[in-house]
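Before any comments, here is the structure.
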Amino acid sequence: MSTGNPTNGNTTEPPPGEPLDFVRTIVRDDIRSGKQGGRVHTRFPPAPTGFLHLGHAKAICVDFGIAEEFGGKCNLRLDDTDPGNEKQEYVDAIQEDIHWLGYDWDDRLFYASDYFDQLYEWAKLLIQKGAAYVDEQDVATMRAQRGTVLEAGTASPFRDRPVEESLAQLERMKRGEFEEGGAVLRAKIDMASPNMHMRDPVMYRIKKIAHNRTGDRWCIYPTYDWAHGQSDAIEGITHSLCSLEFEIHRPLYDWFLEQIGDIHRPRQIEFARLNVTHTVTQKRKLRALVERGHVDGWDDPRMPTLRGMRRRGYTPASIRNFCTRVGLAKFNSLHEIGLLEFSLREDLNVVAQRRMAVLDPIRLVIENWPDGKTDTLDAINNPEDASAGSREVPFGREIYIEREDFLVDAPKKFFRLAPGREVRLRYAYLVTCTGYETDDDGNVTLVRATYDPDSRGGNAPDGRKVKGTIHWVSAEHAVDATVRLYDHLYAVEDPSELESDDAQDGDAWERGLNKDSLQVLTGCKLEPALALAQAEEALQFERKGYFVLDSKDSRPDALVFNRSVALRDSWAKEAAKLGATS
RNA sequence: UACCCCGUGGUGUAAUUGGUAGCACAGCAGAUUCUGGUUCUGCUAGUUCUGGUUCGAGUCCAGGCGGGGUAACCA
């Protein structure tokens, strides 16, 4: 997948043709004009404070994708400047998930903490230049002094303390001689700036917490603003791509680099983060869903985390394709989840092995089939891929069919089984319904039919047309399984709309959850070949959807399958119309 | 309310930089089909508004309207 360009050193060629999004246009123009020596070097900088989700997938595709397309490189950098929330588990998971998505950083795995020493030296440099100072006020005071978006802030009494004093106090901060919150290092910029981030932002704060990588060597840690741009500079990043909310940080990003002076100057470019209907892509909200038990964990198949989607049966290609379809812009957009589902079906359609599985079984007895006789029929594994070959499927006198494929009183357009009607059993025989039985409540318990002995394989001997084909599973050979049907996490299209109104009710968005996002079906009847299903093997249960063996809960003697996505169902639309008009 | 960013069919995203508004998804209609799947064909539908510059404006200018972001020692 790598399109690296080692022979060309640091010269790169823009990709040919095709309209480019605004970021790629900038990158291409920079290459053409020779900026950054024609080099492209990006980075993906996640904080190791949670698992990667669909929103990250977009950023990964942008960061790694652009580097790849232009023959450049992309670093993986763990932005570990907030010890306490960071965990090694996340560091490992992030790497695993990026690899799974299909990207790689070679030997360029970095941590912001790799630069703590350099950052400290630069901090002293800024103090010496009179561009930073140690402030010993408490948080609340500083907050009050910052002013508001409407009013200018006021200067800290420490703002103009002597350079030597700040230098000495910073050293004391580093040695742990202050309590947490006792002092911070601040950039000296402009307390009246209309941009709040320029009102003497904090560069270092004290946290007496051991760091995942640096242990207890430090008790002062750089803030995002002080760490990020400098890390980019150190790594020789050319284009530092991030989301829109950092737009207002850009003046600060540039200011720090300007102050340091003679170092590499990356360019920050912001683009819109990914929003998808019927789900959320914010770490905070996903965490709440897990902690409040609305889902079974970060890898619940309903979660838009990469791990959840993987378990659900999403493929790396489908996610990557979705991300390129979604595009890159500065407009805050909300993408239909249908596009994600389309991307999944598109990929699965060509790779999934077809199998037959009856999810809501009802017995069908073929009255003229000899008792005890078993036939073995040939079934195609994948009509989209001849090389997938075929398999054998056993057939007998009693089979299971889908409850919804039989109707006592069927409308004309219902091309399935009903008294007196003929239907094809996929890859098997043509059968005609001769009757049915019900229980006391009127529920159908059994369907009776006769088969046409000359229709083996499913072809009518006289060429008569049989419009309907239904799937089935031999009762004698059926394998039992639990099947989990997943639907959208949220019933509402845009969960973010729920939280806006009432500030008191910060968790209002949870009320938009889809109560039926998980439906567990037990006693499903599968064809024998499904007993051999492997984790992450793409499967299509014919006429029902794409499924995958659950990688966590399935056992050989208690199979569990997850529905990745349903098939498009034009009959459902038709049926809805019929229902609506009658 | 201040500052910054952004407004193109239902959704999202293009338009050779001032010259025929294209593509994908969704929707609708039809064809094909041993999956009501797939595939194929056709259709519906759009430049936020008002002025200005120009032979010509989605594109440039001014103003309005609308949406988003920003007042953590999170990133």
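So that the names make sense, note that chain A is the first sequence line, chain B the second, and so on, each numbered from 1.
Pairing analysis of RNA chain B (Watson-Crick: purine N1 to pyrimidine N3 plus N6-O4 or O6-N4; G-U wobble: N1-O2 and O6-N3; both under 3.5 Å) yields stems of 3 or more pairs at B:2-7 with B:65-70, B:10-13 with B:22-25, B:27-31 with B:39-43, B:48-52 with B:60-64.
The CG atom of A/Asn85 sits 15 Å away from the P atom of B/rC73 (whole-angstrom rounding). Taking atom NE2 on A/His471 and atom P on B/rU35, their separation rounds to 13 Å, with Å as the unit. For the pair A/Arg24 CZ and B/rU13 C1', the computed distance is 12 Å after rounding to whole Å. In this structure, A/Tyr221 places its OH atom 15 Å from C1' of B/rC74, rounding to the nearest Å. Following rounding to the nearest Å, A/Glu270 (CD) and B/rG68 (C1') show an atom-to-atom distance of 14 Å. Rounded to whole Å, the distance from CG on A/Asn195 to P on B/rC3 is 13 Å. At whole-Å resolution of the value, CD in A/Gln353 and P in B/rU38 are 19 Å apart. Rounded to an integer number of Å, the gap from CZ of A/Arg354 to P of B/rU33 is 18 Å.
Across all strands shown, A/Phe178 has no heavy atoms under 4.0 Å from either base or sugar-phosphate atoms. A/Ser343 comes within 4.0 angstrom of nothing in the nucleic acid, heavy atoms only. Residue A/Gln137 is in base contact, counting any heavy-atom pair closer than 4.0 Å across all strands shown. Note on A/Arg199: nothing from the nucleic acid sits closer than 4.0 angstrom, heavy atoms only. Base contact: A/Lys413 has a heavy atom under 4.0 Å from a base atom. Residue-level contact check: A/Leu328 touches the backbone only, with heavy atoms under 4.0 Å from sugar-phosphate atoms and none from bases. Across all strands, A/Pro45 comes closer than 4.0 Å to no nucleic acid atom at all (heavy-atom distances).
A sub-4.0 Å separation between OP1 or OP2 of B/rC73 and a side-chain N or O of A/Arg186 is absent. Considering only side-chain N and O atoms, A/Ser570 lies under 4.0 angstrom from the phosphate OP1 or OP2 of B/rG37.
Contacts between residues 240-252 of chain A and RNA chain B, defined by a heavy-atom separation below 4.0 Å, involve A/Glu245, A/Phe246, A/Glu247, A/Ile248, A/His249, listed by number. Across residues 142-156 of chain A, A/Arg143, A/Arg146, A/Gly147, A/Thr148, A/Val149, A/Leu150 each have a non-hydrogen atom less than 4.0 Å from an atom of RNA chain B (numbered order). For the contact set between residues 423-430 of chain A and RNA chain B, defined by any heavy atom under 4.0 Å, the members are A/Arg424, A/Arg426, A/Tyr427.
At distances below 3.5 Å, not a single donor-acceptor pair connects side-chain atoms of A/Arg205 with backbone N or O atoms of A/Met203. Side-chain atoms of A/Glu402 come within 3.5 Å of backbone N or O of A/Asp360 as a donor-acceptor pair. Side-chain atoms of A/Thr277 never come within 3.5 Å of backbone atoms of A/Asp494 as a donor-acceptor pair (strictly under, hydrogens ignored). A donor-acceptor pair under 3.5 Å links the side-chain atoms of A/Arg186 to the main chain of A/Asp200, judged by distance alone. Between the A/Lys188 side chain and the A/Arg159 main chain, a donor and an acceptor come within less than 3.5 Å of each other. In this structure, the side chain of A/Ser455 engages the main chain of A/Asp452 through a donor-acceptor pair within 3.5 Å.
Aromatic stacking is not marked for A/Tyr224 over B/rA75, as the cut-offs of 5.5 Å for the centres and 30° for the planes do not both hold.
Nearest-nucleotide assignment on RNA chain B puts the 5′-proximal partner with A/Phe331, out of A/Thr81 and A/Phe331. In terms of position along RNA chain B, the nucleotide closest to A/Glu574 lies nearer the 5' end than the nucleotide closest to the other residue of the pair A/Glu574 and A/His197.
Checked against side-chain contact (heavy atoms from CB on, under 4.5 Å), A/Arg563 has the following partners two or more places apart in sequence or in another chain: A/Leu485, A/Phe547, A/Ala566.
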Quick test: give all pairs of protein nitrogen or oxygen and nucleotides 18-28 of chain B nitrogen or oxygen below 3.5 Å, distance rounded to 0.1 Å.
residue: B/rG27; atom: OP1; partner: A/Lys573; partner atom: NZ; Å: 2.7

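Taking the centre of each ring, A/Trp472 and A/Tyr400 stay at or above the 6.0 Å mark. Proximity of the aromatic rings of A/Tyr221 and A/Tyr204 is defined here by a centroid distance below 6.0 angstrom, and this criterion is not met. A distance of 6.0 Å or more separates the ring centres of A/His56 and A/Phe51. Ring centroids of A/Phe246 and A/Tyr224 are separated by less than 6.0 Å, placing the two rings close together. Between A/Phe395 and A/Tyr427, a ring centre-to-centre spacing not shorter than 6.0 Å is recorded. A centroid separation of 6.0 Å or more is found between the aromatic rings of A/Phe342 and A/Phe322.
Heavy-atom neighbours of A/Gln88 CD from other residues, nucleotides or ligands within 6.0 Å: above the threshold of 12. Other residues, nucleotides and ligands place no more than 12 heavy atoms under 6.0 Å from the CD atom of A/Glu392.
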Starting from the C-alpha separation in whole Å, work towards a yes-or-no answer on side chain to side chain donor-acceptor pair (under 3.5 Å) for A/Asn382 and A/Glu384.
-> CA-CA 5 Å; A/Asn382 185 352; A/Glu384 305 294 321; over 6 Å; no

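Across B/rC23 and B/rC65, the matching P atoms stand 36 Å from one another, rounded to whole Å.
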